[in-house]
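Throughout, numbering of the chain's residues begins at 1 and tracks the sequence.
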Amino acid sequence: MPNSDLRSRAAAWQSRLPVSVRTGYWTRVVPVLALLATLTHVPSFLRPVWSPDEGFLATQARMLADGGVLYDTVVDRKPPLLPWLYEACFAVFGSASLWPLRTLAIVAHLVTAILLASLARGRWGDRAGAAAGALYLLVSIGLSPEDTQAATFEVFMLPAMVAAFRYAERRRWLAAGIAVALCSLTKQTGGAVMLPVLWMLFQDARQRGVRWLPALAKIGFGFALPIALVAVILTKPKGFLFWVVTGSGDYASLGGSLLQMTGRALGNSAILLGAGLGFLLPLGRRLWFALRHRPLAVAAGSEHGSTSDLWIWLLSSVIAVSTGFHFFGHYYLQLIPPLVLLGVGAVATSAISWRPVALYTAFAATVFWSLALFWPGQRLTHTTEVATSVADQTTSKDTVLVWGMHPELYWLADRRPASRYLTAGFLTNFSGGKDGQQVGEQFSVSNAWQTFDQELAKNLPEIVVDDSGRAPYQPEFVPKIESLLTTRYTVVGIYADTVIYRLKH
C-alpha cells in the first residue's frame, strides 16, 4: 500500500479521536497525576494497618470468606461495596496483607483527580484542569496520616461522588443517578451529592425551559437500580435496611461530649485549611469581594454565580461531614473535591499567579507526607504485641472476643471472632467523642445482647481481650461482661491498659 494511502488513513483515524486525545492533553496529564498519586500515598504501604476501620473491614472480609452472611452473621453500619471489595481482594491475593487495597486506593485517588481535572478544564481551560487534579492529590494527604493513608470508605466513595457531579453537569441524568447510588453504597453520606445533582437539574430546566420531570425520573431510576440489585444479591435485605439506614439512630445522634466534638471539628477544619491555604486564600478573597460588592460583581460577570453548583456541592458535603456529630478526620476528605474546584476557579479567573499556589500546596503536602513517614506507632506496636500474645495462646480453631474498639486485633492475630459484633460499640453505643451519658447495655443496638448471649452460649471464646482501658464501657460498667470475666476466665496477660483473659477449663 502506498505511503500516501497509509498517511491518509492514519489522518482519518486520528480525526475521529476526541480533541483532547489528538492534542495530547490527557496523555501528558494522566501520567503526571498517576505519579503524583503514587508518591503522595507511598507511606500507606509502610504499616500493616492504619486505622480501626481497616481492621474492621479486613476482619469482615475474612468472616465473609469463611461463610459469613453480611448484615446477619457479619454486621456493620456501613453499606456493602467496600466489604465486598476487601473480600474479593483477599480471595485473589490472600488476607495476610492490605497492599492490594492500598494499591486500589491510589487508583481511586487517581480517578478522582482525573475527573476533577476534566471538570475544571471544561470550565476554565487546560491549565486549570491540570491544576485541579494535582492540587487534589496534594491536599488528599492534608489531614492526619491515619485518616488519609488508610484504604477506607471515603477514599473509595470519592470517584463516584465526583462522577455524579460530572454526569449532572453534562446532563447525563441516568448516569448521574447511578453514580449517586454507587457513592451511597460505599458510604451513606456519599448520597449528599444528590443535592447538587438536583440543583443542576432544576437550574437547567429553568434556564433552558426544558421539562424537568423526565430527567428527574431518570435520576430516580438510576439511583434505585443499583440499590435494588444489591438488595437482590444480599440474602438478608431486611438486615441491610436496618444496619445501613434505620438502625443507627443512637450512633448518629448528638449524645457525646460537646467540647470534644467541637474541638475535633475545629481541629480537623484547621488542619485541612492549612493544607489547602494556597488556593483557599484566593477563594476567600473572591468570596469577600462578592459579598462586599455583590451588585458590581454580578454586573461584571462574577464567577460566584456560575459556580453556584459548586457551592451547593460544598454545602452538601459540609452537611455530610456533620452527620452524626463525630467529625473524624477522614470524614473531611469529602470536602476536598468541591473546595479544590472552587479554589481553582478563583485563581483561574483572577490575576493571581499559579506559582505561589502550587509552591505552598506542594510544601504543605511535603510536611504531611513527612508526618506519615514518621507518624508515632505506639498504638500499632501495642496492638501487634497483644495480637501476637493472643496468637501464641490459641490455635486456628479457637475463637477470640475483643472487648474494645480495635477490631484490627482479630486480623493481626489471625483468629476468628466469637461474635458478629466486632466492637463494643454495638453493645454499648460507644463511639469516638461520646461520654458516658448514653453508653451502656441499655443503649445497645436492638436485640444485640440477646444475639450476643446466644453466640457465647454456643461457643465461649478461648481468649477475651479487654481493650476498654478507661472508656465508659469497661467491664465494671457492663455487668454482663464483668460477670462473664470473673466467673469463667482468668487473667493470663497484661499489656499496659489491655488485659488478656483465658477460659477456665
Side-chain angles (χ1 to χ4, degrees), residues 31-58 86 89 93 96-113 133-156 158 264 267-280 328-337 339-340 357-388 406 408-409 411-412 432 496:
V32 174
L33 293 181
L35 178 61
L36 192 57
T38 303
L39 288 176
T40 50
H41 294 88
V42 159
S44 67
F45 295 94
L46 300 181
R47 293 192 179 197
V49 62
W50 276 95
S51 71
D53 280 352
E54 281 188 323
F56 199 113
L57 285 161
Y86 266 68
C89 284
F93 300 102
S97 173
L98 296 183
W99 72 263
L101 279 309
R102 304 274 171 72
T103 302
L104 289 178
I106 292 176
V107 174
H109 281 298
L110 174 60
V111 172
T112 303
L135 290 175
Y136 164 76
L137 292 172
L138 292 171
V139 180
S140 69
I141 59 172
L143 291 160
S144 166
E146 294 175 346
D147 296 313
T148 60
Q149 298 292 343
T152 50
F153 297 95
E154 289 79 11
V155 172
F156 292 97
L158 291 182
R264 187 185 292 121
N268 284 319
S269 298
I271 295 171
L272 185 58
L273 173 64
L277 196 61
F279 58 84
L280 291 178
F328 295 128
H330 49 90
Y331 289 10
Y332 283 70
L333 292 174
Q334 191 166 352
L335 298 175
I336 296 177
L339 280 176
V340 165
V357 175
L359 289 176
Y360 176 85
T361 309
F363 169 76
T366 302
V367 172
F368 284 102
W369 188 83
S370 301
L371 277 176
L373 289 181
F374 302 103
W375 193 249
Q378 291 92 336
R379 179 70 215 186
L380 178 60
T381 301
H382 169 77
T383 304
T384 303
E385 187 178 13
V386 173
T388 301
H406 290 276
E408 63 269 26
L409 272 165
W411 181 68
L412 291 170

Checklist entry - Can you list the steps and then say if R47 with Q149 is a side-chain contact (heavy atoms from CB on, under 4.5 Å)? => result CA-CA 10 Å; R47 293 192 179 197; Q149 298 292 343; over 6 Å; no
Item to check | Step-by-step side-chain contact (heavy atoms from CB on, under 4.5 Å) determination, L39 to W369 | outcome: CA-CA 9 Å; L39 288 176; W369 188 83; 5.5 Å; no
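In this structure, T361 contributes its side chain and A358 its backbone to no donor-acceptor pair below 3.5 Å.
Here the straight-line distance linking atom OH of Y332 with atom CG of N268 works out to 5.5 Å at 0.5 Å rounding. One finds the CG atom of L272 at 11.0 Å from the CG atom of D147 (value rounded to the nearest 0.5 Å). With values rounded to the nearest 0.5 angstrom, H330 atom NE2 is found 9.5 Å from S144 atom OG. Atoms OG1 and CG, on T103 and L98 in that order, are 10.5 Å from each other to the nearest 0.5 Å. Remark: T384 OG1 to R379 CZ distance equals 10.0 Å, nearest 0.5 Å. Separating the CG atom in L273 from the CG atom in L339 is a distance of 9.5 Å, to the nearest 0.5 Å.
In this structure, H109 and H41 have parallel ring planes: the angle between them is below the 30° cut-off, well short of the 60° mark. Ring geometry for Y331 versus F328: interplanar angle over 60°, hence perpendicular rather than tilted (30 to 60°).
The two atoms that bring L158 and Y136 nearest to each other are CD1-OH, 3.3 Å, heavy atoms only. Heavy-atom minimum distance, V49 versus W411: CB-CZ3, 4.3 Å. The heavy-atom pair separating T40 from L137 by the smallest distance is CG2-O, 3.8 Å. For the pair S44 and W50, the tightest heavy-atom approach, listed with the atom from each and the gap, is O-NE1, 3.1 Å. Heavy atoms only, all atoms of each residue included: A151 and Y86 are closest at O-OH, 2.6 Å. Closest approach of L110 to A37, counting heavy atoms only: CB-CB, 4.3 Å.
Residue P43 is tested with L371, L373, I141, T148 for a side-chain contact (heavy atoms from CB on, under 4.5 Å); the sole match is L373.
Between E54 and R102 there is a salt bridge, with a side-chain nitrogen of the basic residue lying less than 4.0 Å from a carboxylate oxygen of the acidic one.
Heavy-atom neighbours of F45 CZ from other residues, nucleotides or ligands within 6.0 Å: above the threshold of 12.
Within the 4.5 Å cutoff, the side chain of P48 has heavy atoms near those of the L380 side chain.
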